[in-house]
*Asks:* 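Handing you this structure, nothing more for now.
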Number of protein chains: 2
Amino acid sequence: MRTYGQYCPLAKALDVIGDRWSLLIVRELLGRGPLRYTDIRNGLPGVATNLLADRLRELEEVGVIRREAAPPPIATTLFHLTPRGEELRSVVRALADWGAPLLGESVGGDVFRSDWVRYPAALYLKDTTPDGPPLTIEVRTGDEPMVIEAADGTVRTRPGPTQHPDAVLAGPPKLVIGVIAGKVSLSDATARGLHYEGDPTVLGRLQPHAL
Amino acid sequence: MRTYGQYCPLAKALDVIGDRWSLLIVRELLGRGPLRYTDIRNGLPGVATNLLADRLRELEEVGVIRREAAPPPIATTLFHLTPRGEELRSVVRALADWGAPLLGESVGGDVFRSDWVRYPAALYLKDTTPDGPPLTIEVRTGDEPMVIEAADGTVRTRPGPTQHPDAVLAGPPKLVIGVIAGKVSLSDATARGLHYEGDPTVLGRLQPHAL
DNA sequence: CAGCATCCGCTTTGATACTG
DNA sequence: CAGTATCAAAGCGGATGCTG
């Protein structure tokens with residue numbers, strides 16, 4: 001393993017998880033739970049399969065992930081994060097916080113997975129009315145619908161459609177994410193092609209940072 | 001610039017500061033302030049000079065650093081962090097936090113700069129008696145002496161010797177850092193070659209996590 | 001000397017094909 | 001499904017040379 005050879009905690013961390021793709025693998029496991037090899041690869045368009053195999057082996061050696069034979073009837077190996085790997089959540093969050101402003105400059109052509117609305121939802125949304133009734137917003141962008149749920153003061157995101165959403169956000173990722181993050185106003189976004197159903201105020205309940 | 005091509009804040013951040021050496025350059029500027037090209041290179045043993053020039057240009061393009069002609073009599077260009085670059089402090093801190101446990105496994109041969117005692121000092125020390133008299137500890141390891149100062153409830157680290165330190169820590173980096181981080185007891189460390197002067201209890205005042 | 005640019009040998013990466 | 005094998009291209013590290 002290539003190393004910086006410095007007695008410094010930052011350099012040591014980068015020795016271990018600073019290689020290309022490593023943190024994105026961790027992101028996949030943090031966001032989606034234990035995954036199969038193929039699932040990870042599908043989440044990382046452009047990764048070479050041999051390189052993915054290498055990275056998984058390295059991450060296993062340093063104790064970030066662990067492979068486990070899934071019980072029947074799955075009969076495949078699942079890649080899990082170890083507790084030590086879970087601790088990378090704060091690292092991923094810090095990097096994602098810092099990188100969020102860069103999304104605005106994206107011109108398109110970037111791959112997008114609907115799973116990723118979890119990030120802006122987790123970073124920018126908060127239930128400002130925790131005592132209010134449960135709230136569900138269906139988000140349709142990318143490959144599959146996602147649902148943002150607010151209940152008991154916390155905001156959660158999960159895949160799948162929902163029965164009677166209080167609002168529906170549909171359109172290209174940039175607009176959807178822009179609206180969720182409060183970077184684009186709802187009126188601007190709808191004028192630029194966003195489809196919105198439901199009471200516009202329900203979104204406002206979740207956007208304390210939108211001003 | 002090579003890019004992951006993903007519409008994801010983590011991927012975007014890694015596109016920009018995920019290349020080899022980039023975050024270590026930021027570390028140098030975060031820890032030591034504006035620096036000359038040569039100073040940065042000296043802080044990064046092993047970096048190829050053309051690669052350093054490349055990285056500095058890239059970091060400048062993405063708005064992380066800024067080069068500025070220093071006023072006379074210095075007559076050289078200084079590399080500064082921009083406000084956007086300063087925001088990487090939380091990223092560096094998260095990574096350093098995560099990487100700190102890896103220092104224990106280091107076998108030696110790693111480069112060490114005395115500047116780096118700032119990290120364990122900042123991470124593991126806290127003034128448990130903010131109303132007490134000011135406290136200074138001189139640390140002698142690596143190339144130059146450092147001083148850890150506690151006053152008004154905060155702990156600061158700066159280079160240079162001091163006049164009448166309450167304690168002196170001298171010896172190899174692993175022992176010095178181990179003691180500061182509370183991972184090695186003072187008695188163990190002195191038995192293994194650490195030189196300690198002064199009242200042993202002064203160190204205890206700064207180590208709330210040492211137990 | 002400070003701040004690079006050029007060249008060269010080596011390693012890593014990315015794309016594709018193939019296998020148990 | 002979960003990789004290994006192969007190979008061209010890009011990136012990296014080290015040495016050296018150039019310019020103010």
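For clarity, every value in this text was computed on a predicted model and none was experimentally measured. Here is the naming used below: chain letters follow the sequence lines, and residue numbers restart at 1 for every chain.
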*Asks:* Does a side-chain heavy-atom distance below 4.5 Å link Leu102(A) with Val62(B)?
*Replies:* no
*Asks:* Please list all pairs passing the salt bridge (Lys or Arg N to Asp or Glu O under 4.0 Å) test where one or both residues lie in residues 141-152 of chain B, with sequence neighbours left out.
*Replies:* Glu149(B)-Arg158(B)
*Asks:* Using every non-hydrogen atom in the two residues, find where Tyr196(B) and Ala167(B) come nearest and quote the distance to one decimal.
*Replies:* OH-CB, 3.5 Å
*Asks:* For Tyr37(B) and Thr49(B), what are the C-alpha separation, side-chain angles and deciding distance, and is it a side-chain hydrogen bond (donor to acceptor under 3.5 Å, both in side chains)?
*Replies:* CA-CA 10 Å; Tyr37(B) 183 90; Thr49(B) 173; 2.7 Å; yes
*Asks:* So does Arg57(A) pair up with Glu60(A), basic N to acidic O under 4.0 Å?
*Replies:* no
*Asks:* Could you grab the distance from atom CG of Leu103(A) to atom NZ of Lys12(B), nearest 0.5 Å is fine?
*Replies:* 7.0 Å
*Asks:* Between which nucleotides of DNA chain C, read 5' to 3', does contact with chain B run, using atoms under 4.0 Å from its heavy atoms?
*Replies:* dA2(C) to dG14(C)
*Asks:* Ignoring hydrogens and geometry, is there a side-chain-to-backbone donor-acceptor pair from Ser22(B) to Gly18(B) under 3.5 Å?
*Replies:* no
*Asks:* Minimum heavy-atom separation for Ser90(B) to Ala94(A), with atom names?
*Replies:* O-CB, 4.0 Å
*Asks:* Could you give the angle between the helix axes at the two ends of the helix from dC1(C)-dG20(D) to dG20(C)-dC1(D), with five pairs per end, rounded to 10 degrees?
*Replies:* 30°
*Asks:* Which letter, B, S or -, goes with each nucleotide of nucleotides 6-20 of chain D from 5' to 3', with contact meaning a protein heavy atom under 4.0 Å?
*Replies:* B-----SBBBB----
*Asks:* Tell me whether the count of non-hydrogen atoms from other residues, nucleotides or ligands lying under 6.0 Å of CZ in Arg93(B) goes above 12.
*Replies:* no
*Asks:* Contact list please: residues 23-35 of chain A against DNA chain D, heavy atoms, distance less than 4.0 Å, in numerical order.
*Replies:* none
*Asks:* Let me check something: any side-chain donor-acceptor pairs from residues 78-85 of chain A under 3.5 Å, sequence neighbours excluded? List them with distances.
*Replies:*
{"residue": "Thr82(A)", "atom": "OG1", "partner": "Gly63(A)", "partner atom": "O", "Å": "2.5"}
{"residue": "Thr82(A)", "atom": "OG1", "partner": "Val64(A)", "partner atom": "O", "Å": "3.0"}
{"residue": "Thr82(A)", "atom": "OG1", "partner": "Arg84(A)", "partner atom": "N", "Å": "3.4"}
{"residue": "Thr82(A)", "atom": "OG1", "partner": "Gly85(A)", "partner atom": "N", "Å": "3.1"}
{"residue": "Arg84(A)", "atom": "NH1", "partner": "Glu87(A)", "partner atom": "OE1", "Å": "3.4"}
{"residue": "Arg84(A)", "atom": "NH1", "partner": "Trp98(B)", "partner atom": "O", "Å": "3.2"}
{"residue": "Arg84(A)", "atom": "NH2", "partner": "Trp98(B)", "partner atom": "O", "Å": "2.5"}

*Asks:* As an exercise, state the distance from CG of Leu206(A) to NZ of Lys126(A), rounded to the nearest 0.5 Å.
*Replies:* 11.5 Å
*Asks:* If you measure from CD on Glu61(B) to CE on Met1(B), what distance do you get to the nearest 0.5 Å?
*Replies:* 8.0 Å
